[in-house]
There are 2 protein chains.
Amino acid sequence: MSSYAVVMAENLLASASAERADAAANRQRILAAAERLFAERGPQISMTELASAAGVGRATLYRRYPDVTSVAVALLDVHEQQLQQQMISGPPPLGPGASPRRRLQAFYDAMIDLLEQHLPLALGAEQGATRFATGAYGFWRTFVISLIRAAGRQDDALADALLAPLAPELYRYQRQDRGQTVSQVKGALARLAHVLPE
Amino acid sequence: MSSYAVVMAENLLASASAERADAAANRQRILAAAERLFAERGPQISMTELASAAGVGRATLYRRYPDVTSVAVALLDVHEQQLQQQMISGPPPLGPGASPRRRLQAFYDAMIDLLEQHLPLALGAEQGATRFATGAYGFWRTFVISLIRAAGRQDDALADALLAPLAPELYRYQRQDRGQTVSQVKGALARLAHVLPE
DNA sequence: AGAGGAAGTGGACAGGTTGTCCGCTTGCCT
DNA sequence: AGGCAAGCGGACAACCTGTCCACTTCCTCT
């Protein structure tokens, strides 16, 4: 690729995202620092810490992210969108084609894998009451509602109840405070999935 | 009752609780102010606010309660202990005698009633990650574990999963953001209780 | 290529919160 | 009644948040 093409591509990208080159660089520095900080220090980091760890001023950080949870949400989004894609158009049992119960169970397994891999991020993404305000929660919710409907029922409240055990804070408690294994947690959720018909 | 007897009773009480009279009065003022503040302002109140609303100095407040959640927990304890008593020795279906599924469903109903009545307090009692550190959670957990065992299984993780939908924050979301009725929430939990045998 | 303008940047500021400390006050026991 | 210990409240330092503004950097257009 010629350097001219590179420049053109970067220009395209910049105009598409309406973001200047230095701004994009800082965004990367912020996200990288956040990923490191969340892993090292846990979910309790302040905007001040994050800014200085990223080597940017506080106002620069605030320009993009209103609070720490937004940064965590942005970091999680990458992994979540991948999962969401598989739920919509991937192969069964997660994708369409399997029974509601099977699909719910596959969803549980995938979410637990996600939590296991990115727990600090998931915890950071819901400081305060932001859990349900997140776009991701709406997606999971719509998915489970459709499974319940496919099973011949109509019960939004049941969807919320079925999603409740996926709260990151609960998973942290089960794994760290109670010493439960990943298999034990997945097994319990598999039992829960039995509220939907095979 | 003679005033002498009153004095003696107060002395007994004071020595039993190892708390001086003025201290007891301040505790009452703090609890009363907290109950009012939680109801008026929601769960987001600071120790500073609480102290000034109670008309005591900050250090006085800190002497008894390390943070706001402790105050909320103390206020909830009264109602929770009443429920716990009924679970241990009350009449079926909440008390012993009914099937595990029935008892779980009765427990769900009672907890939802509690949440409905004291939601601001319940929300205030778990700012941060304190939900599972609470003594109350351990009690609910032991109860559900015993139900599961009575149903012939052994699955602690399932107990945690079954308790997850009782998170105050979820209930707030269901009622306020989603407009679900108390009956709808209870109905969904009743379905969830079907993971235990009749 | 370079100049103008807009987007981006970082340091500073005010307001608020937390947890602790210490000198004074108050209640209780003898 | 007096002494002692527990209780009290104001003050303090450290921190965090969200915003503002003067300066810098990048992009675009000629």
Side-chain angles (χ1 to χ4, degrees), chain A residues 3-4 6-34 37-38 41-72 124 127-130, chain B residues 3-4 6-34 37-38 41-72 124 127-130:
Chain A
S3 80
Y4 175 78
V6 169
V7 169
M8 290 321 300
E10 280 170 354
N11 282 348
L12 262 175
L13 192 64
S15 66
S17 58
E19 189 178 54
R20 247 168 53 176
D22 52 347
N26 273 345
R27 152 169 285 142
Q28 286 311 315
R29 288 212 284 173
I30 289 171
L31 290 178
L37 270 190
F38 275 121
R41 287 234 234 292
Q44 299 276 9
I45 66 178
S46 69
M47 290 291 268
T48 304
E49 277 181 306
L50 179 51
S52 93
V56 302
R58 291 175 37 70
T60 305
L61 177 55
Y62 271 102
R63 167 172 287 267
R64 289 191 189 44
Y65 304 103
D67 46 44
V68 174
T69 77
S70 308
V71 183
Q127 296 294 90
T130 53
Chain B
S3 80
Y4 175 79
V6 169
V7 169
M8 291 319 300
E10 281 171 352
N11 282 348
L12 262 175
L13 192 63
S15 66
S17 57
E19 189 180 53
R20 247 167 54 174
D22 53 348
N26 274 344
R27 150 167 287 141
Q28 287 310 316
R29 287 211 284 174
I30 289 171
L31 290 177
L37 270 190
F38 275 120
R41 288 235 231 292
Q44 299 277 10
I45 66 177
S46 69
M47 291 289 269
T48 304
E49 279 181 306
L50 180 51
S52 95
V56 303
R58 292 175 36 72
T60 305
L61 177 55
Y62 271 102
R63 168 173 288 267
R64 289 192 188 45
Y65 303 103
D67 47 44
V68 174
T69 77
S70 307
V71 183
Q127 298 294 89
T130 53

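When reading the values below, keep in mind they use all heavy atoms of this one structure, side chains included, and skip hydrogens, waters and symmetry mates. The sequence lines fix the lettering, A, B, ..., with proteins before strands; numbering per chain opens at 1.
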Sorted by number, the residues of residues 42-53 of chain A with heavy-atom contact under 4.0 Å to DNA chain C: none

Integer-rounded Å distance: dT17(C) P and L61(B) CG: 13 Å

Over all atoms of both residues, closest heavy-atom pair of G42(A) and I45(A): O-CG2, 3.6 Å

Atom-to-atom span, CG of D67(B) to C1' of dT17(C) - whole angstrom: 13 Å

Using a cut-off of under 3.5 Å, enumerate the N/O to N/O pairs linking the protein to nucleotides 23-26 of chain D.
| residue | atom | partner | partner atom | Å |
| --- | --- | --- | --- | --- |
| dT25(D) | O2 | R20(A) | NH1 | 3.2 |
| dT25(D) | O2 | R20(A) | NH2 | 3.0 |

Output a table of donor-acceptor pairs, distance under 3.5 Å, between side-chain atoms of residues 50-57 of chain B and any protein atom two or more places apart or on a different chain; print 'none' if there are none.
| residue | atom | partner | partner atom | Å |
| --- | --- | --- | --- | --- |
| S52(B) | OG | E49(B) | O | 3.4 |

Between dT20(C) (P) and Y65(B) (OH): distance, integer Å: 18 Å

Atom-to-atom span, CZ of R63(A) to P of dT19(D) - whole angstrom: 13 Å

Partner set under side-chain hydrogen bond (donor to acceptor under 3.5 Å, both in side chains) for T130(B), not counting sequence neighbours: none

Taking every non-hydrogen atom, the tightest pair across G124(A) and F38(A): CA-CE2, 3.8 Å

Phosphate-side-chain proximity, T60(A) and dG8(C), N/O vs OP1/OP2 below 4.0 Å: no

R29(A) CZ to dG8(C) P, straight-line distance once rounded to whole Å: 16 Å

So which protein nitrogen or oxygen atoms get under 3.5 Å of nucleotides 21-23 of chain C's nitrogens or oxygens?
none

side-chain hydrogen bond (donor to acceptor under 3.5 Å, both in side chains) involving T60(A) - partner list, sequence neighbours excluded: none

Rounded interatomic separation in angstrom, taking CZ from R27(B) and C1' from dA6(D): 14 Å

Heavy-atom closest contact (M47(A) atom, Y65(A) atom, distance): CE-O, 3.1 Å

Rounded distance (nearest 0.5 Å) linking atom CD of Q28(A) with atom CG of N26(A): 10.0 Å

Residue met sooner reading DNA chain C from 5', once R64(A) and R58(A) are mapped to nucleotides: R64(A)

Contact under 4.0 Å: N26(B) side-chain N or O vs dC8(D) OP1/OP2: yes

